[in-house]
Amino acid sequence: MSSIEERVKKIVAEQLGVKEEEVNTEASFVEDLGADSLDTVELVMALEEEFETEIPDEEAEKITTVKLAIDYINEHLA
Amino acid sequence: MSEANAEARVALVTGASRGIGRAIAHALAAAGHTVVGTATSEAGAARIDEDLGDRGAGRVLDVGDAASVDALVKAVTDEFGAPLVLVNNAGITRDNLLMRMKAEEWDAVIDTNLGALYRVSKACARAMTRARWGRIVNITSVVGAMGNAGQSNYAASKAGAGGFTRALARELGGRNITVNCVAPGFIDTDMTRELGDDQRQAMLAQIPLGRLGEPEEVAAVVAFLCSEQAAYVTGETLHINGGMYMT
């Protein structure tokens, strides 16, 4: 069973079409990984599916980096 | 899967119990899609169900109610698969001269004709985005471009649908989803049969082809826009009006 961090990074890599090794924890989806606004919406949808949860829109807007995504999942699912 | 079925998708058509919507449901079924048509009443849904036979189904839907829309899209997805073809056809008229128009008449038309585009398109967009393929066709009206006395609410809703279409075409283009309008003119349906003889004659005089259009003639264009061949057409409005309004 992979850690939450690994699962989040794998999804980010898949959704944004980047290599997993490029997805470092501090990376910003838009500035570092080249995501556009629709990519970030899709990314949140993919996280919702992977972790079987619903992320409210006002929370989703704040998830702008890999670290914030990992933190959100840890706080809400751990 | 045979080649003939390669393009088969699940198609959702709102307002499919009669008129143009019914013809669209048939045209999409003929193109090989599994078609779910909606109606506001149980009787309407049952008629669609019978009409489409094993090529689709009829369901009750109030496009004015977000919960009803979400529940329907979920039920369709569970039963048939996610609708990747969406035809927003359901619409109403509440004609009146502006100085007599009640707020309820304005609100009902804007909410049913324009608000529904927001609700139904939103409910379907997620699956289309994921599939990296989608077709949305919004049925508007020549009145949205030309205007028509006594239809300020209807004309506003249809012109608004044009703006919605172009914005969504830009938003979803990167995901291989096309969004277009089909704008019928004077088509032979229950909606136009309500017009008086004088109004009818006056309209006919403005149509170069000299006749009303048939619902099937609108449906054929919608089926084209939903096909693979139309993959490079997006944000466009196709007018089907016998020449009464040319751009």
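Here is how names work: the chains are called A, B, and so on, in the same order as the sequence lines, proteins then strands, and each is numbered from 1.
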Quick one: donor-acceptor pairs under 3.5 angstrom, chain B versus chain A?
unit_1, atom_1, unit_2, atom_2, d
B:Arg126, NH1, A:Glu48, OE1, 3.3
B:Arg126, NH2, A:Glu48, OE1, 3.4
B:Arg130, NE, A:Glu49, OE2, 3.4
B:Arg130, NH2, A:Glu49, OE2, 2.4
B:Arg132, NH1, A:Glu42, OE2, 2.8
B:Arg175, NE, A:Glu42, OE1, 2.4
B:Arg175, NH2, A:Asp39, OD1, 2.6
B:Arg175, NH2, A:Glu42, OE1, 2.8

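The ring pair (Phe, Tyr, Trp, His ring centres under 6.0 Å) test applied to B:Tyr154 returns no partner, not counting sequence neighbours.
Around atom CZ of B:Phe80, more than 12 heavy atoms belonging to other residues, nucleotides or ligands sit under 6.0 Å away.
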